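Structure, as structure tokens:
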There are 2 protein chains.
Amino acid sequence: MYIFNHMVEYKDDHILTQLLKAVSDATRRSLLTQLCQHGPSRVTDLADQYEMSFNAISKHLKVLEKAGMITRRTIGRTHWIEANLDQIGLMEDWFKELKSIWELRLERLDTILKNGGN
Amino acid sequence: MYIFNHMVEYKDDHILTQLLKAVSDATRRSLLTQLCQHGPSRVTDLADQYEMSFNAISKHLKVLEKAGMITRRTIGRTHWIEANLDQIGLMEDWFKELKSIWELRLERLDTILKNGGN
DNA sequence: TTTCCTGTCAACCAAAAGGTTGCATAATTA
DNA sequence: TAATTATGCAACCTTTTGGTTGACAGGAAA
């Protein structure tokens, strides 16, 4: 059993949380897919594709927008929504970091084993 | 304005949703980090590092377990928890797919532009 | 055996999430 | 100008989530 001296301080990393939460909903993932396929789209045209209400889609888009996964260009009364895949990198980076932490431990373990019972 | 004939059928992709939700919580991400750093750990030792209750951590671990992000080996009364990064691929695959859908549209667009107003 | 340790399960609670409807507003169109 | 269209906002409701506490059960240790 190992001992820890103090609480782990993990930065809430609000942005990453927001991103992952945004993308963890199936409807929002579908919206992103649609936007990537068809390019900039109006809210109405997006909403027409789903069985839920216009307002529900509007809210989903707002979540995606706050997370930076879409951008909005308002021309007159119509809002043109476009996917923005830049943020994906932040999530991929976390995966990468986690994997490297994992690998580092394995390497340490390997070194210890090679050096015998020192 | 483009026209869609029918509702978009997006597979709920329950597994991906479960994975992303599991990982979208800062405490659970921290737990995964700890597990990667220190290797197999007991629930008690993990919980000791956080300010929240033992039971809260136990529940977080259950969420991670259901998503397949950790595995559990029970020896006597102690549960040895280990990170399992295999599932990360599923999330990365979705990112990759999204990007490729994006690229495909750009290519189509490019072709149209090159062929002039055909 | 009696007591402690490790962990789950169940009940409960507050807050957040995902949905709905109704209304307001601004921009087009007739 | 009057009607319609595109959208956001607010209020409301139900389900989920993240946390708590209080049993409880099975292994270890006294």
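Chain letters run A, B, ... following the sequence lines, proteins first, then strands; residues in each count from 1. What you are looking at is a predicted structure, and each value in this text was computed from that prediction instead of being measured.
- In terms of phosphate contacts, A:Thr78 brings no side-chain nitrogen or oxygen within less than 4.0 Å of OP1 or OP2 of D:dA6.
- Using a 4.0 Å cut-off between charged nitrogen and carboxylate oxygen, B:Arg73 and B:Glu82 do not count as a salt-bridge pair.
- Comparing D:dG8, C:dG7, D:dT20 by their closest approach to the side chain of A:Phe54 singles out D:dG8.
- Listed nucleotides: C:dG7, D:dT7, C:dT20. Nearest to the side chain of A:Ala56: C:dT20.
- When heavy atoms are screened at a 4.0 angstrom cut-off, B:Lys62 is found touching the sugar-phosphate backbone but no base atom.
- Side-chain atoms of A:Arg72 lie closest to D:dG8 of the nucleotides D:dT20, C:dT8, D:dG8.
- In this structure, OH of A:Tyr50 is placed 16 Å from C1' of C:dG19, rounded to the nearest angstrom.
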Q: Any chance you could lay out the salt bridge (Lys or Arg N to Asp or Glu O under 4.0 Å) test for B:Glu92 and A:Lys99, step after step, and finish with the verdict?
A: CA-CA 13 Å; B:Glu92 287 174 327; A:Lys99 285 178 191 166; 3.0 Å; yes
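- Contact detail for A:Ile81 and A:Leu35: the closest heavy-atom pair is O-CD2, 3.4 Å.
- The distance between atom NZ of B:Lys66 and atom C1' of C:dC9, rounded to the nearest whole Å, is 12 Å.
- Atom CG in A:Leu64 sits about 13 Å away from atom P in C:dA17, given to the nearest Å.
- Comparing A:Ser24 and A:Gly76 against DNA chain C, the residue whose closest nucleotide sits nearer the 5' end is A:Ser24.
- If you measure from atom CG of A:Leu20 to atom P of D:dT17, you get 15 Å, rounded to the nearest angstrom.
- Separating the CE atom of A:Met52 from the P atom of C:dG19 is a distance of 4 Å, rounded to the nearest angstrom.
- Rounded to an integer number of Å, the gap from B:Ile81 CD1 to C:dG7 C1' is 10 Å.
- Inspection of the B:Arg29 and B:Ser24 side chains reveals no N or O donor paired with an N or O acceptor under 3.5 Å.
- For A:His60, a side-chain nitrogen or oxygen approaches OP1 or OP2 of C:dG19 to under 4.0 Å.
- Heavy atoms of A:Lys59 sit under 4.0 angstrom from at least one base atom.
- The interatomic distance linking A:Ile75 (CD1) with C:dT28 (C1') rounds to 15 Å, in whole Å.
- One finds a side-chain N or O of A:Ser53 lying less than 4.0 angstrom from the OP1 or OP2 phosphate oxygen of C:dT20.
- At a cut-off of 3.5 Å, with distance as the only test, a side-chain donor of A:Thr78 or A:Trp80 sits close to an acceptor on the other residue.
- Between D:dT4 and A:Arg77, no contact under 4.0 Å exists linking OP1 or OP2 to a side-chain N or O.
- Looking at A:Asn55, its side chain has no donor and acceptor atom pair within 3.5 Å of the base of C:dG18.
- Phosphate proximity of C:dT8 to B:His79: present, with a side-chain N or O under 4.0 Å from OP1 or OP2.
- Regarding A:Lys21, its NZ atom lies at a distance of 9 Å from the P atom of D:dT17, rounded to whole Å.
- What you find for A:Val23 and A:Leu32 is that their closest heavy atoms are CG2-CD1, 4.1 Å.
- Between C:dG7 and B:Ser58, no contact under 4.0 Å exists linking OP1 or OP2 to a side-chain N or O.
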